[in-house]
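Have a look at the structure below before the remarks.
Just so it is clear, the values below take in all heavy atoms, side chains as well, and ignore hydrogens, waters and symmetry mates.
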Amino acid sequence: MNTLRQKLLLWFPILGTAHKLLHALAGKWNQGRTLLLKRINLIRFDLIAETRIRHNSRNGGVEKSGKPVIHLYSVCWNQAEIIPYFMNYYSEFVDSFYIHDNMSSDETPALLARYNTVTVIPYDTDNTFNDAVNQDIKNTAWKQSRGKADFVIVCDMDEFLYHPHMLSLLRFLKQGSFTLVKPHGYDMVSTALPAFNGTQKITELITNGVYAPGYLSKTLLFSPELESINYSPGCHKSAPVGRIKPYESKNLKLLHYKFIDRNSVLSKTKQYRSRLSAINKEHGWGGHYIKPDEQILAEFDYIVSQGKKVI
């Protein structure tokens, strides 16, 4: 039995053409609306807001007394190589660090103990790399900063949130009642990580990278007054709940310093490969660790070859 729609199309064939035309116009409208919103945000953030942030920075508009309080949360295991750079960089604008250490066996505990702003919280996963445990820590640990910090940063120890005028940006975010940021993600690249000399920042030494928005544009700075952040396994995506007022700019970047030393990448890959937990294997989390060594090195060489100036 023909439906009413089929009968109408039989009697009035032009209706089918009109229906297709309306669908096409609706699609064009949505594309145009999306493009318009992007252009509005470009004007709002990259032109107006960033000009103000840059002006305040140049004119000493970020006194120490006016800086928002920032707490940082991270999970780590055997990160002695990057810790000096991590602490040197973030200590300029982070007030308190809460590092969840997964029973590191290298110099990580000793290095972290040098800083009076660091609280180390040990946790044990029976010498395995367990994304479920890490996910739970990142989804819950920061809630203790409610009423104590203006913003929290939740990141891995090879992730650096970058803005050319970070202090001025943070003050602007607080004054504007923004509740989270949306950085543009990059895999930073280098064939070898220079030894830390006590002064130079890693963002000064390694400035080339590859744009990686698909998995690195993480929501890693946000207000602890959000109800929840809801990171997915691996924490590359989130679904924040609460009062959402995002800030996004091409100047705000998440710099992932993983592909910065050829020998280190291969060594760490082997270590994580041997430590993959049962739940990781069951769900296929951390599958990049089980690739053959030759493939790991080939991918490293390719990524490094694609690097371009980022900062």
Side-chain angles (χ1 to χ4, degrees), residues 72-83 86 98-106 108 121-143 152-161 180 182-189 209-222 228-241 254-261 264-300 302-303:
L72 184 148
Y73 294 82
S74 186
V75 296
C76 78
W77 177 77
N78 286 7
Q79 295 285 1
E81 186 178 51
I82 200 74
I83 282 174
F86 184 87
Y98 299 92
I99 310 299
H100 288 73
D101 180 51
N102 193 195
M103 313 307 288
S104 290
S105 58
D106 65 355
T108 291
I121 303 97
Y123 72 104
D124 191 356
T125 56
D126 295 325
N127 196 32
T128 65
F129 176 66
N130 191 315
D131 266 316
V133 175
N134 292 348
Q135 178 188 9
D136 182 62
I137 291 172
K138 291 184 177 182
N139 274 329
T140 60
W142 57 270
K143 294 181 180 181
V152 295
I153 295 174
V154 181
C155 65
D156 292 329
M157 300 200 80
D158 58 1
E159 294 175 341
F160 291 68
L161 183 65
L180 57 85
K182 294 184 176 182
H184 295 261
Y186 293 83
D187 269 318
M188 304 304 286
V189 297
V210 177
Y211 190 38
Y215 81 107
L216 279 181
S217 296
K218 299 181 179 180
T219 305
L220 79 171
L221 182 145
F222 54 92
S228 57
I229 192 67
N230 294 317
Y231 285 121
S232 63
C235 301
H236 293 288
K237 296 186 181 299
S238 63
V241 176
L254 194 174
L255 309 179
H256 184 215
Y257 283 89
K258 176 182 177 180
F259 299 100
I260 55 172
D261 191 292
S264 179
V265 163
L266 182 58
S267 174
K268 288 182 178 180
T269 297
K270 290 180 177 179
Q271 291 175 347
Y272 278 97
R273 182 188 301 157
S274 66
R275 296 178 71 244
L276 280 181
S277 63
I279 192 169
N280 270 64
K281 293 176 182 177
E282 177 184 350
H283 292 281
W285 301 336
H288 52 287
Y289 292 122
I290 63 175
K291 295 177 181 178
D293 292 352
E294 296 78 10
Q295 185 176 350
I296 296 294
L297 292 176
E299 290 179 355
F300 177 89
Y302 175 76
I303 291 174

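- Contact between L220 and C155 at its shortest, heavy atoms only, is CD1-CB, 3.7 Å.
- Between F259 and H256, the ring-plane angle classifies as perpendicular under the 30° and 60° cut-offs.
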> F300 and L266: side chain to side chain contact (heavy atoms under 4.5 Å, CB included), yes or no, with the steps?
Replying inline: CA-CA 9 Å; F300 177 89; L266 182 58; over 6 Å; no

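- In the model, N78 has no side-chain atom that pairs as donor or acceptor with a side-chain atom of Y272 under 3.5 Å.
- In this structure a side-chain-to-backbone donor-acceptor pair under 3.5 Å is missing from Y289 to K268.
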>> Quick one, N230 with S238, criterion side chain to side chain donor-acceptor pair (under 3.5 Å). Give me CA distance, side-chain angles, the key distance, then yes/no.
In response: CA-CA 5 Å; N230 294 317; S238 63; over 6 Å; no

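- Counting only distance, with no hydrogens or angles, the side chain of N130 and the backbone of T125 share no donor-acceptor pair below 3.5 Å.
- The two residues G214 and K237 have their closest heavy-atom pair at O-NZ, 3.8 Å.
- Using modelled atom types, one side-chain atom of W142 and one backbone atom of K138 make a donor-acceptor pair closer than 3.5 Å.
- Side chain of Q135 to backbone of C235: no donor-acceptor contact under 3.5 angstrom is found.
- Here the straight-line distance linking atom CD1 of I303 with atom CD1 of I260 works out to 13.0 Å at 0.5 Å rounding.
- Separation of atoms OG (S74) and CD1 (I137) is listed at 10.0 Å; rounding is to 0.5 Å.
- To the nearest 0.5 Å, atoms OH (Y231) and CG (D136) are separated by 13.5 Å.
- Between the side chain of N102 and the backbone N or O of Y123, at least one donor-acceptor pair lies under 3.5 Å.
- In this structure, the separation between CG on D158 and SG on C76 is 11.0 Å, given to the nearest 0.5 Å.
- Side chains of K182 and L180 form a contact here, defined as non-hydrogen atoms less than 4.5 Å apart.
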> Run the side chain to side chain contact (heavy atoms under 4.5 Å, CB included) check on K218 and H236 step by step: do they pass?
Replying inline: CA-CA 6 Å; K218 299 181 179 180; H236 293 288; 3.3 Å; yes

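- Of all non-hydrogen atoms in F86 and D156, the two that sit nearest each other are CE1-O, 3.8 Å.
- The side-chain heavy atoms of Q271 and W77, taken from C-beta on, include a pair separated by under 4.5 Å.
- What you find for K258 and V265 is that their closest heavy atoms are O-CG2, 3.3 Å.
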>> Could you walk me through whether K270 and D293 satisfy the salt bridge (Lys or Arg N to Asp or Glu O under 4.0 Å) test, starting with their C-alpha distance in whole Å, then the side-chain angles of each, then the deciding distance to 0.1 Å, before giving a yes or no?
In response: CA-CA 8 Å; K270 290 180 177 179; D293 292 352; 3.6 Å; yes

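- Inter-residue side-chain proximity for P183 and L161 is flagged as met; some heavy-atom pair is nearer than 4.5 Å.
- Counting heavy atoms from C-beta outward, I279 and W285 have side chains that approach closer than 4.5 Å.
- You'll find the side chain of M103 stays beyond 4.5 Å of the side chain of N127, heavy atoms only.
- Counting heavy atoms from C-beta outward, E159 and L255 have side chains that stay 4.5 Å or more apart.
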>> Let's go through H100 and Y73 carefully: what are the C-alpha distance in whole Å and the side-chain angles of both, what is the deciding distance for side chain to side chain donor-acceptor pair (under 3.5 Å) to 0.1 Å, and is it a yes or a no?
In response: CA-CA 8 Å; H100 288 73; Y73 294 82; over 6 Å; no

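- L254 has its side chain out of reach of Y186: every pair of non-hydrogen atoms, C-beta onward, lies at least 4.5 Å apart.
- Counting only N and O atoms by type, the side chains of T108 and D106 include a donor and acceptor under 3.5 Å apart.
- Side chain of S217 to backbone of G185: a donor-acceptor contact under 3.5 angstrom is found.
- E81 and S264 form a side-chain donor-acceptor contact under 3.5 Å, judged by distance and modelled atom types alone.
- A donor-acceptor pair is defined here as one N or O able to donate and one able to accept, closer than 3.5 Å; no such pair exists between the side chain of E299 and the backbone of I296.
- No hydrogens or angles considered: a donor-acceptor pair under 3.5 Å links the side chains of D187 and Y215.
- Side-chain N/O atoms of N139 and S228 include no donor and acceptor closer than 3.5 Å.
- Between the D124 side chain and the D126 main chain, a donor and an acceptor come within less than 3.5 Å of each other.
- In this structure, the side chains of T128 and L276 stay at 4.5 Å or more apart for every pair of heavy atoms.
- More than 12 heavy atoms of other residues, nucleotides or ligands sit less than 6.0 Å from atom NZ of K291.
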>> Does I229 form a side chain to side chain contact (heavy atoms under 4.5 Å, CB included) with F222? I'd like the steps, not just the answer.
In response: CA-CA 9 Å; I229 192 67; F222 54 92; 3.9 Å; yes

